[in-house]
Amino acid sequence: MNNPSPTAPLNYLNHKTGLWSWMTATDHKRIGLLYLYSITTFFLAAAVLGLLMKIEKVAPGETIMTAQTYNAMFSLHGIIMIFIVVIPGLAAVFGNICLPIMIGAKDVAFPKLNLFSYYVYITGAILGLYSQFANGHSPDAGWTFYVPYSAEVNSNIILALMAAFTLGFASILTGLNFIVTIHRMRAPGMTWFRMPLFPWSLYATAWIQLLATPVVGITLLMVVAERTLHVGFFDPKLGGDPVLYQHLFWIYSHPAVYVMILPAMGVVTEIFPTFSQKPVFGYLPIVFSSLAIALVGYFVWGHHMYTSGMSIESRWFFSFLTFIVAIPSAIKVFNWLSTMYGGSVDLKPPLLYAISFIFLFTIGGFTGLILGAVATDVQVHNTDFVVAHFHYIIFGGMGFGFFAAMHYWYPKIYGRMYNIRWANIAWGFLFTGFNFLYFPMFIMGIQGMPRRYYDYDPQFQMGQTISTIGAVILFIGLIGMISNLVYHVRRGAIAPANPWHGVTLEWQIPSPPPHENFDDIPVITRGPYVFDNPHTK
Amino acid sequence: MSTTEHSEHSEYIDSETGKMGMWLFLFTEIFLFGGLFIVYSVMRAKYGEDFHHGALELNAFIGATNTVVLLVSSMTAAMSLTAIQKNQPKVAIALIFSTLLLAGVFMINKYFEYGHKFDLHLYPGSEVMRNLPKGEIMFFGLYFLMTGLHLFHVVVGGVLLTIVMLRVKSGKINSEHFLLLENGALYWHLVDLIWIFLFPLLYLIT
Amino acid sequence: MENHEESHVTSYALNAKVLLVLLSLTVLTILVIKLHLGAFTVAMALFIASIKTTIVLTYFMHLKFEKPILRVMVGGIFALFAIIIVITFIDYYFR
Amino acid sequence: MTTLFSGASNLAEGVDRAFMFIIIISFIFTIAIVGLIIYILVHFSRKKNKNPQQFSGNVPLEVVWTVIPLILVIIMFYYGWVGFAPMRKVPDNAMQVKAIGRMWSWSFDYGNGKISKDLVVPLERNVKLNLFSEDVNHGLFIPAFRVKEDVIPSYNNYLWFRAITKGKFDIFCTEYCGLAHSGMTAKVIVVDSLEFDKWLSELKSTGDTPEHPGMAIIKANACITCHSLDGTKVIGPSFKDLYGAKRMVVTAQGEKEVEANDDYLRRSITDPNFEVVKGFNKGLMQSYKDVLKAEDIDKIVDYFKTAGGHK
Ligand code: HEA
Ligand code: HEA
Ligand code: CUA
Ligand SMILES: [Cu+2]
């Protein structure tokens with residue numbers, strides 16, 4: 001990427017070159033790219049672990065690894081995917097790259113802090129990896145670290161906890177930066193309701209990052225204290241309360257799932273209007289549903305604990321609110337569909353991914369409703385059903401949202417174009433593999449196949465095998481998609497400034513954008529999605 | 001327009017922006033302690049009696065003294081802002097210095113308080129502590145964690161204010177640009193705020 | 001986005017007065033505790049602590065003179081925290 | 001085989017009704033959404049429709065698609081609640097069984113020292129399981145009965161059911177509890193009343209022999225995470241027949257043979273990495289010097305001694 005074609009005008013990629021200029025970059029776009037490369041690396045590592053787990057489960061009994069390895073593997077897979085990949089994910093990559101441009105600013109409010117949080121992130125990520133290979137054996141308590149197990153087991157839990165803590169800190173700083181940026185740096189004339197919807201979703205996300213993360217931070221520290229100093233806040237042997245740990249953990253981790261999905265929702269909200277050449281349908285409802293998700297999302301954490309022995313009152317309270325929080329998601333889905341309706345729809349890869357997002361997110365969301373109802377959750381709690389639910393919604397939602405964003409902003413970021421046919425074929429593999437991989441898990445879950453199971457009853461053989469085959473197809477798709485993107489960073493056709501005829505600010509500047517985005521800060525006089533002369537060649 | 005833009009890329013961050021950043025950071029801190037307060041309240045509901053016994057072991061006098069110390073230091077910090085705004089850097093330095101002195105007093109008090117506990121072999125992980133009733137283990141666990149985390153904030157605040165003081169001295173912070181002082185003071189007030197809750201909750205339980 | 005917004009200057013006297021009020025509230029807390037009001041004690045102690053907090057926030061931390069948005073945020077996050085505690089206790093209270 | 005609609009307890013009906021309702025609504029919506037997407041892709045494709053309309057909202061429509069889902073989810077909540085509520089109302093006449101979970105096995109205590117590995121219950125009789133954990137969290141799950149509740153130390157969780165079909169059903173542990181979590185399974189065997197009474201009276205009482213205090217400490221410190229009691233090699237060597245056994249150990253000076261006597265055992269607990277049993281890894285076991293009191297370690301060693309040492 002430090003090697004642009006010689007004729008290219010100066011832009012953020014080539015105005016300075018050399019490793020050092022990247023490592024000390026305070027430019028939001030460069031930091032976004034740093035995150036992109038780090039996150040992709042970790043994603044691939046954890047995805048390979050997922051594939052290995054599936055291969056292990058292709059048949060009952062020991063196939064390729066021991067139970068201890070399997071347990072460490074799903075823990076590491078979960079920890080990397082959640083804390084290192086999807087929570088920072090879209091916000092850190094595309095939030096960084098696009099947010100300032102989309103609101104007409106030259107950078108985020110605190111560029112140095114931005115770089116700092118990247119390094120905090122990397123420290124946390126490395127700590128997480130180190131916990132695997134350090135002396136002693138790999139942490140094996142799942143990504144949820146439930147006490148008392150995590151307080152007693154003799155593995156590198158402390159390192160893993162510190163990693164999660166550090167990563168949380170990075171997440172807080174990013175959130176803080178974005179909130180201030182949005183409050184203070186909007187271009188003149190860009191009122192709150194003239195702001196595009198991706199920044200809006202980042203705004204809602206940032207508040208969750210800011211206010212929920214510290215709770216889990218202190219909780220994880222308490223587990224560390226419990227392990228090192230033997231003061232039992234949560235371990236009943238020392239007088240602690242294991243269910244209290246679950247409360248504290250989910251007070252953070254439920255809102256965190258909205259940290260994952262809200263930016264993805266924001267991305268597809270940008271994509272639908274552009275590829276339909278039509279204003280977004282229901283701007284205000286989408287804004288308010290983002291805020292509602294962020295707010296109500298704080299009050300439903302207990303739905304992860306229906307079977308933990310909570311009071312009956314809180315079981316129905318949490319169940320009820322869980323259903324309420326589904327409504328804003330419903331509103332969004334309907335608004336997206338209506339945005340396309342009547343438009344001039346161009347099925348390019350970004351839109352393909354965005355539409356898959358709707359489909360997979362809907363399935364994930366509806367199965368969320370099954371989990372939200374107390375009676376049915378009793379049956380499927382901690383079974384493969386839950387695993388399928390969150391893979392559908394995280395991988396199918398946030399993951400496909402990320403791929404959509406990648407294909408959407410790729411020409412802007414690199415000034416080059418990937419191969420569209422290639423992208424479509426890879427999508428086909430991804431989408432097919434995905435459904436084969438996870439759909440059988442819904443059925444097995446209802447039948448009672450518990451999660452975090454190294455081994456299983458022969459009755460589940462069929463479903464497990466189909467699922468493994470799906471994983472392999474998905475694997476091919478992923479390789480295909482990534483190689484397309486990587487290959488064309490340098491070799492793709494030069495992309496125009498506005499290949500999709502988008503109307504938000506990032507499309508009004510050259511690709512790749514110049515170092516400080518705008519020569520003159522634009523003055524905004526109207527809403528973000530006005531298509532005066534739709535380009536429908 | 002270009003003038004405002006210029007200022008954003010200059011050495012000084014627009015003060016409104018910087019202040020908002022600080023406030024957001026304080027929110028995070030509030031939720032960090034918030035997690036501990038949740039644990040505290042649940043455990044207190046569970047082990048009310050033991051918490052009472054635990055609290056009797058604490059030295060309410062030191063606690064009260066430290067409350068006063070922090071309140072006064074909070075005022076001097078607030079006044080230092082007034083001073084810098086009125087363009088009286090000398091006064092500001094003196095006020096920050098007294099804040100730091102008071103922080104020192106706070107820490108010395110804590111030293112004696114913790115020291116006393118250590119003399120009794122009452123510290124996390126000690127044999128004595130492990131043999132207490134479960135509720136008291138919990139109480140002292142929370143006591144050490146909460147006050148310890150608070151103490152850590154006092155130290156950080158102290159370092160921050162020292163930097164501020166040096167910058168006032170060198171003139172980098174002046175009646176035009178005093179964002180860092182304002183933020184330092186805000187942070188210090190937060191340290192005070194948290195103590196306002198810690199004091200009655202830990203030292204004065206009946 | 002004015003760069004040199006006039007920031008409010010709190011007088012020394014006001015700061016001192018605020019301190020006096022805070023100190024007397026501290027004394028009040030101790031008195032309340034010594035009175036042994038039973039179940040009431042905690043509530044009172046917390047109530048006084050909240051008053052003190054509000055005072056520190058308004059005067060020492062200048063919330064009174066800040067933009068309304070900041071006041072809304074501060075109020076909001078305290079409310080949020082209170083709700084979280086209450087919800088947690090829906091579990092513990094009914095058990 | 002436990003399929004979706006073959007519930008074997010009285011609680012299954014309510015749960016399955018909630019499943020049905022939510023799944024049907026979900027199907028209708030998913031099909032409608034997919035249908036609409038296909039319709040849009042066909043009718044409004046760029047090839048066909050070169051003139052995108054420029055409307056950007058419709059308030060009545062927004063209200064409709066807020067209110068209808070709202071009503072639907074409230075009905076879902078209702079079904080979920082109605083299916084669940086009976087699970088918490090234990091009939092007074094329920095037979096009580098204590099279900100004990102430990103790493104990594106279940107046992108069911110019928111009182112009077114009668115303990116069984118599988119849960120045998122009479123048909124059509126209310127049974128309440130009092131859930132008790134000896135170490136970490138477990139979850140007791142009987143898919144066919146649609147019941148599940150976590151087994152959490154220090155919590156008196158419970159669940160109840162009335163079996164309505166004879167047969168053998170799975171019990172799974174559904175809360176991650178370490179190495180052999182997936183092996184922590186058992187069976188529920190539903191038999192008719194007479195057969196059950198006969199089985200219970202024949203079930204041998206294990207007697208009320210109190211647990212050896214050393215064993216209690218071993219359990220309390222989760223030693224059995226790494227040391228089995230039955231001879232299987234887990235992370236550390238098994239405790240079976242340990243006392244008096246000959247050991248090859250690796251020390252800083254090299255390998256040597258030792259006998260597992262009091263001293264050696266004590267050292268193994270306080271300074272495990274000093275002499276590492278051959279075939280096992282150094283550094284896995286931490287020193288328990290600061291964790292266990294000296295007399296606790298004595299009790300453990302005494303347990304090894306009394307539990308039957310090396311023959
Ligand atoms: C991105 C992450 C993400 C998102 C967005 C969600 C969204 C939702 N989740 Fe999910 N969830 C997870 C990630 C996520 N979840 C994870 C990681 C876990 C497991 C954690 C672990 O234990 O390891 C989990 C677990 C989990 C549980 C606990 C299960 C258990 O352990 O027993 C529950 C229970 O209520 C639940 C519910 C929901 C609901 C109701 C939504 C809703 O927000 C969904 C709303 C969406 C829709 C409803 C679909 C779109 C709407 C329409 C198409 C319109 C029509 C709608 C109606 C008619 C209502 N989730
Ligand atoms: C973003 C979130 C995310 C994503 C994308 C995935 C992706 C995948 N996950 Fe993951 N998963 C979680 C988050 C995620 N997971 C979480 C949070 C848990 C819970 C953990 C816990 O219980 O604590 C979990 C648990 C979990 C389990 C349950 C374990 C158990 O309960 O027993 C399984 C089992 O099959 C699984 C499988 C997979 C698979 C097959 C993929 C696949 O989709 C992966 C697809 C990728 C590939 C198939 C490989 C692609 C690789 C390349 C392209 C690179 C190749 C190149 C080189 C090697 C150089 N996951
Ligand atoms: Cu016991 Cu899992
Ligand atoms: Cu949730």
Side-chain angles (χ1 to χ4, degrees), chain A residues 67-68 135-137 142 146 148-149 152-154 236-237 242-243 276-279 281-282 285 307-309 312 316 319-320 323 326-327 330-331 334 337 340-347 355 362-363 366 369-370 373-376 378-379 381-382 446-448 450 452-455 459 534 536, chain D residues 1-4 14-15 18-19 22 26 30 33 36-37 40-41 44-46 49-50 52-54 56-57 62 65-66 69-70 73 76-77 80-81 83-84 88 136-137 139 143 146 148-150 152-155 157 170 172 174-182 220 222 225 283-286:
Chain A
Q68 186 63 40
N135 267 341
H137 68 131
Y146 271 16
Y149 186 74
E152 290 175 4
V153 66
N154 203 341
K237 261 158 233 131
V243 174
S276 315
Q277 291 293 304
K278 181 170 165 289
F281 188 93
T307 66
S308 67
I312 299 171
W316 68 253
S319 175
F320 187 76
F323 281 111
I327 299 302
I331 295 175
F334 296 130
L337 293 173
M340 282 194 289
Y341 192 93
S344 170
V345 181
D346 190 13
L347 196 57
I355 289 177
T362 302
I363 293 184
F366 278 130
L369 297 177
I370 290 182
V374 200
T376 45
V378 166
Q379 175 72 0
H381 171 67
N382 269 353
I446 292 183
Q447 291 173 343
R452 296 174 174 174
Y453 260 35
Y454 159 71
D455 198 1
Q459 64 176 16
T536 53
Chain D
M1 174 100 185
T2 41
T3 41
L4 178 46
V15 175
F19 264 121
I22 304 178
S26 308
T30 312
I33 288 173
L36 185 59
I37 292 178
I40 290 173
L41 289 183
F44 298 109
S45 80
R46 189 150 299 180
N49 185 17
K50 300 237 185 280
Q53 299 157 29
Q54 295 295 319
S56 65
E62 298 282 353
W65 66 47
T66 309
L70 192 61
V73 294
M76 290 177 191
F77 165 72
W81 183 248
F84 172 74
R88 295 283 99 189
V136 300
N137 298 352
R146 313 283 190 269
K148 177 186 292 139
E149 186 82 8
D150 293 356
I152 295 182
S154 85
Y155 269 67
N157 285 355
D170 289 315
F172 293 123
T174 47
E175 198 61 74
Y176 178 68
C177 55
L179 188 65
H181 164 60
S182 64
T225 326
L284 287 183
M285 182 170 161
Q286 312 168 325

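Letters A, B, ... are given to chains in the order of the sequence lines, protein chains preceding strands, and every chain is numbered from 1. As the structure is a computational prediction, the values presented were derived from the model and not from experiment.
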Report yes if some heavy atom in the side chain of D/Ile40 is under 4.5 Å from a heavy atom in the side chain of A/Val345; otherwise report no.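 With C-beta onward as the side chain, the pair touches.
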Sub-4.5 Å side-chain heavy-atom contact between D/Arg146 and A/Val378: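 D/Arg146 vs A/Val378: side chains apart.
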Looking only at heavy atoms and a cut-off of under 4.5 Å, which of [options] has the most pairs with chain D?
| options | result |
| --- | --- |
| A/Gly342, A/Pro236, A/Pro279 | A/Gly342 |
| A/Ala326, A/Pro285, A/Ala330 | A/Pro285 |
| A/Gly343, A/Pro450, A/Pro242 | A/Gly343 |
| A/Gly282, A/Ala373, A/Ser308, A/Ala67 | A/Ser308 |

With a 4.5 angstrom heavy-atom cut-off, is it the side chain or the backbone of [X] that approaches chain D, or both, or neither?
| X | result |
| --- | --- |
| A/Leu347 | side chain |
| A/Ile312 | both |
| A/Thr362 | side chain |
| A/Tyr146 | side chain |

Side chain, backbone, both or neither: which part of D/Tyr155 has a non-hydrogen atom closer than 4.5 Å to chain A?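 Just the side chain, heavy atoms under 4.5 Å.
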Sort D/Gln54 into side chain, backbone, both or neither according to what part of it lies under 4.5 angstrom from a heavy atom of chain A.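 D/Gln54 touches chain A through backbone and side-chain heavy atoms alike.
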What's the separation between atom [atom1] in [X] and atom [atom2] in [Y], rounded to the nearest 0.5 Å?
| X | Y | atom1 | atom2 | value |
| --- | --- | --- | --- | --- |
| D/Gln53 | A/Tyr341 | CD | OH | 8.0 Å |
| A/Lys278 | D/Ser56 | NZ | OG | 8.0 Å |
| D/Trp81 | A/Ser319 | CH2 | OG | 8.0 Å |
| D/Glu175 | A/Asn382 | CD | CG | 5.0 Å |
| D/Ile33 | A/Ile363 | CD1 | CD1 | 10.0 Å |

Heavy-atom pairs under 4.5 Å with chain A - which of [options] has more of them than the others?
| options | answer |
| --- | --- |
| D/Gly83, D/Ser45, D/Ala180 | D/Ser45 |
| D/Thr30, D/Thr66, D/Asn137 | D/Asn137 |
| D/Ile152, D/Leu70, D/Ile22, D/Leu36 | D/Ile22 |

Is it the case that the side chains of A/Thr307 and D/Asp150 hold a donor-acceptor pair, with the cut-off being a distance below 3.5 Å and no angle test?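 Distance-only check passes for D/Asp150 and A/Thr307.
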Evaluate side chain to side chain contact (heavy atoms under 4.5 Å, CB included) for A/Ser344 paired with D/Lys50, printing each intermediate quantity in order. CA-CA 6 Å; A/Ser344 170; D/Lys50 300 237 185 280; 5.5 Å; no
How far apart are the closest heavy atoms of D/Pro52 and A/Ser276, and which atoms are they?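 It is CB-O, 3.5 Å.
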Can you give me the closest heavy-atom contact between A/Tyr149 and D/Gly178, atom names plus distance?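 Closest approach of A/Tyr149 to D/Gly178: OH-CA, 3.2 Å.
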Between A/Phe281 and D/Trp65, how do the two ring planes meet: parallel, tilted or perpendicular, split at 30° and 60°?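 Aromatic pair A/Phe281/D/Trp65 classed tilted.
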